[in-house]
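Below is one structure, written out as structure tokens; comments come after it.
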There are 2 protein chains.
Amino acid sequence: MPNSQDLKEAGLKTTLPRLRILAVLENGNQRHFTAEDVYKSLLEAGEDIAFATVYRVLTQFENAGLVLRHNFEGGRSVFELDDGEHHDHMVCVKCNNVTEFYDAEIEVRQKAAAEKHNFELQDHSLYLYGLCGNCTK
Amino acid sequence: MPNSQDLKEAGLKTTLPRLRILAVLENGNQRHFTAEDVYKSLLEAGEDIAFATVYRVLTQFENAGLVLRHNFEGGRSVFELDDGEHHDHMVCVKCNNVTEFYDAEIEVRQKAAAEKHNFELQDHSLYLYGLCGNCTK
DNA sequence: GTATATGCAAAACTTTTGCATCCTT
DNA sequence: AAGGATGCAAAAGTTTTGCATATAC
């Protein structure tokens with residue numbers, strides 16, 4: 001779990017906005033946030049942090065490797081704390097709920113596909129879209 | 001390969017802009033286009049079609065099932081003719097070249113992962129990011 | 001004290017839309 | 001002739017940036 005130490009190691013000063021944003025990402029009841037989600041959480045917690053700062057900080061966190069940015073359908077970025085354990089995502093198109101999953105075989109086949117095409121794999125994103133358990137009831 | 005017949009079947013009138021945009025998607029030396037790519041191709045071909053029309057038509061084609069829209073990293077949509085044969089994509093982060101690939105086992109495991117989580121799969125996107133063969137030389 | 005970070009407002013970008021006019025059937 | 005499509009310009013939505021002020025070290 002990232003903390004102020006991680007900020008320093010990333011060359012980022014330990015400022016109040018950064019700590020507050022980190023707290024939202026760590027302690028929220030969700031793991032996946034749009035920038036607006038983060039901003040609203042801060043407002044609700046009584047924190048007065050500019051929207052521009054939220055974006056700046058999230059981008060800095062992303063560059064520092066603390067946060068992952070996803071480009072799901074819908075045109076808005078979704079941010080998530082990088083816990084170091086890679087996983088993929090199922091996104092409910094109705095309620096926007098995000099479920100994480102992992103399949104070792106899929107990872108292996110991706111690497112194999114990349115090698116086969118002489119492609120130097122750096123990263124990947126696998127998003128499943130559909131209806132989550134709650135929304136099919 | 002879609003044609004004016006497909007337009008009619010989709011409830012879309014056979015208009016010059018639609019035919020021209022279809023022609024770009026079919027006959028370009030690439031298969032993957034941003035809206036701007038399409039617009040520029042039209043300009044180069046001497047066609048005077050509004051940018052807004054390009055977006056409108058691409059969206060209509062998407063809804064009609066003629067075209068797929070991808071959300072790669074970078075924040076701009078990428079469009080591709082839907083040839084009916086599902087495939088995934090490797091995107092070169094240096095030259096933006098897009099390579100298609102398909103792995104039946106990955107498809108199977110995705111379905112299995114969805115079922116395991118009681119998730120009704122509708123669609124998915126798998127993008128590999130890295131350096132293509134040309135860019136690692 | 002110095003360098004870096006933040007707030008605010010404005011800009012940049014992509015994509016969509018309102019409306020008058022034009023085209024297809 | 002009638003309904004749908006296009007062009008233009010303006011709007012909408014997300015994300016970034018310039019600059020003066022404030023903060024961390």
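Sequence lines set the chain letters: A, B, ... in the order given, protein chains first and strands last, and positions in each chain run from 1. On a predicted model such as this, the values are computed, not experimentally measured, just so you know.
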If you measure only the distance, is there a donor-acceptor pair under 3.5 Å linking the side chains of [X] and [Y]?
| X | Y | answer |
| --- | --- | --- |
| B:Y127 | A:H124 | no |
| B:R18 | B:T53 | no |
| B:H87 | B:E80 | yes |

Is any side-chain heavy atom of [X] closer than 4.5 Å to a side-chain heavy atom of [Y]?
| X | Y | result |
| --- | --- | --- |
| A:R20 | A:L42 | yes |
| A:V57 | A:T15 | no |
| A:N134 | A:N97 | no |

Spacing between [X] atom [atom1] and [N] atom [atom2], to the nearest angstrom:
| X | N | atom1 | atom2 | answer |
| --- | --- | --- | --- | --- |
| A:D48 | C:dC8 | CG | P | 6 Å |
| B:L7 | D:dG4 | CG | P | 16 Å |
| B:Y55 | C:dC13 | OH | P | 13 Å |
| A:Q60 | D:dT16 | CD | P | 11 Å |
| A:F51 | D:dT15 | CZ | P | 8 Å |
| B:E73 | C:dT14 | CD | P | 16 Å |
| B:L58 | C:dT16 | CG | P | 10 Å |
| B:R18 | D:dG4 | CZ | P | 11 Å |

Pairwise 5' ranking along DNA chain D for A:T53 and A:E36, keeping only the more 5' one | A:E36
With DNA chain C as reference, determine whether A:P17 or B:G75 sits nearer its 5' end, using the nearest nucleotide of each.
-> A:P17
Report all interatomic pairs (protein N or O, nucleotide N or O of nucleotides 21-25 of chain D) with separations under 3.5 Å.
residue : atom : partner : partner atom : Å
D:dC25  : OP1  : A:T14   : N            : 3.4

Where A:L7 and A:T14 come nearest, the two heavy atoms and their spacing = CD1-CA, 4.3 Å
Are the charged groups of B:E73 and A:R69 less than 4.0 angstrom apart, N to O?
-> no
Do B:F51 and B:Y39 have their ring centres less than 6.0 Å from each other?
-> yes
Would you please indicate if the ring centroids of B:F119 and B:H117 are separated by under 6.0 Å?
-> no
B:T59 side chain N/O closer than 4.0 Å to the phosphate oxygens (OP1, OP2) of C:dT15?
-> no
Please determine if a side-chain N or O atom of A:R76 lies less than 4.0 Å away from the OP1 or OP2 oxygen of D:dT15.
-> no
Range-with-range stems of DNA chain C (Watson-Crick or G-U pairs under 3.5 Å, three or more in a row) = C:1-25 with D:1-25
Which part of the nucleic acid, if any, lies within contact of A:T34, taking any heavy atom under 4.0 Å across all strands shown: a base, the sugar-phosphate backbone alone, or nothing?
-> nothing
Heavy atoms under 4.0 Å, any strand shown: does A:R56 hit a base, just sugar-phosphate, or nothing?
-> base
Nearest-neighbour nucleotide for the B:I49 side chain, D:dT15, D:dT17, D:dG7 considered = D:dG7
